[in-house]
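The structure appears below as structure tokens.
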Amino acid sequence: MKKLIVKSQVANLERLMLKMTGIGADFSPVIWQHERVYLPSNYKPARNLPRLVLRTEVTMPEDPTKYSLYLKRHIEDSGVDFVHYTSVGDYREAAGIVHQLGFRKAAEVSRQRRELVLDPRTVIYLDRVEGLEGDYLKIEAELLEGQPVEEMRVQLLSTLATLGQETFVTQAYFDLLQTNGMDEENTFIIEH
């Protein structure tokens, strides 16, 4: 499926939560996620190559742990992500398959995530990523065939701005962890 993803470092968490409450929206309880990010051996930024991610997810300590594998391929010139996702029954075997395909482990990302489903195609995530300062607000929206990408991007950025966000981040969490946070080259500000 094709997705458009926008994210922002939360400017003021308390103000964000007040805005969410004011519109009658509430995030889910915390979900703990740990991801191992794998890149192809010939990976270079901005070359539209895929990455594979093995995710471990715990919703409640007494619930069984869930494992999944997803492929994400960001297409630079359009800003669209191709995402394929499947549940995994045997984590070790899945990791072995990823290694045999020639992917190398590039990073590990641990986070506490809360989510809010806006509609069947759009989800807002509130993430606290271990090793990064502050919280991040991220919107993922599935694109329908023929839907104008730029129009959807403006809508998503407008939603983030309405929620009090001013600075938008273009890097994935694993990139932010490797560069030790945001830099000006990978952020932008929307004028209101």
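Everything quoted here is computed from the prediction, not taken from an experiment.
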Within a strict 4.5 Å, meaning less than it, do heavy atoms of the [X] and [Y] side chains meet?
X: Met20; Y: Leu126; value: no
X: Lys7; Y: Tyr173; value: yes
X: Leu39; Y: Arg104; value: yes
X: Met152; Y: Val80; value: no
X: Leu177; Y: Val129; value: yes

Between [X] (side chain only) and [Y] (backbone N and O only), is there a donor and an acceptor less than 3.5 Å apart?
X: Gln147; Y: Leu144; value: yes
X: Asn12; Y: Glu14; value: yes
X: Ser8; Y: Thr167; value: yes
X: Glu150; Y: Ser78; value: no

Residue pairs, two or more places apart or on separate chains, that pass ring-ring contact (aromatic ring centres under 6.0 Å, His included) and touch residues 48-85: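 As it turns out, the ring-ring contact (aromatic ring centres under 6.0 Å, His included) pairs with a partner in residues 48-85, which skip direct neighbours, are Tyr67-Tyr91.
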ring-ring contact (aromatic ring centres under 6.0 Å, His included) pairs, two or more places apart, involving residues 94-119: Tyr38-His99
is_close_aromatic(Tyr125, Phe27), centroid dist under 6.0 Å: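 Distance test on ring centres: not under 6.0 Å, no.
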Qualifying residues under side-chain contact (heavy atoms from CB on, under 4.5 Å), relative to [X], sequence neighbours excluded:
X: Glu62; answer: Met60
X: Glu108; answer: His34, Arg36, Lys105
X: Met1; answer: Lys3, Glu142

Approximate separation, where rounding is to 0.5 Å, of Thr122 OG1 and Gln155 CD: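 It comes to 8.5 Å.
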Chi angles and distances behind the side chain to side chain contact (heavy atoms under 4.5 Å, CB included) call for Leu4, Leu156: CA-CA 9 Å; Leu4 193 56; Leu156 297 180; 4.1 Å; yes
Basic-acidic side-chain contact under 4.0 Å: Lys72, Asp81: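 Judged by the 4.0 Å cut-off on N to carboxylate O distance, Lys72 and Asp81 do not form a salt bridge.
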N-O pairing of Glu140 and Lys138 below 4.0 Å: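 Yes.
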Side chain to side chain contact (heavy atoms under 4.5 Å, CB included) assessment of Leu160 paired with Val6: CA-CA 9 Å; Leu160 284 177; Val6 296; 3.6 Å; yes
Distance-only donor-acceptor check, side chains Arg111 and Gln33, under 3.5 Å: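 The answer is yes; a qualifying pair exists.
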Whether over 12 other heavy atoms sit under 6.0 Å from Glu130 CD: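 Not buried by this count: 12 neighbours or fewer within 6.0 Å.
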Remaining members of the apolar cluster that contains Ile31, side-chain heavy atoms under 4.5 Å: none
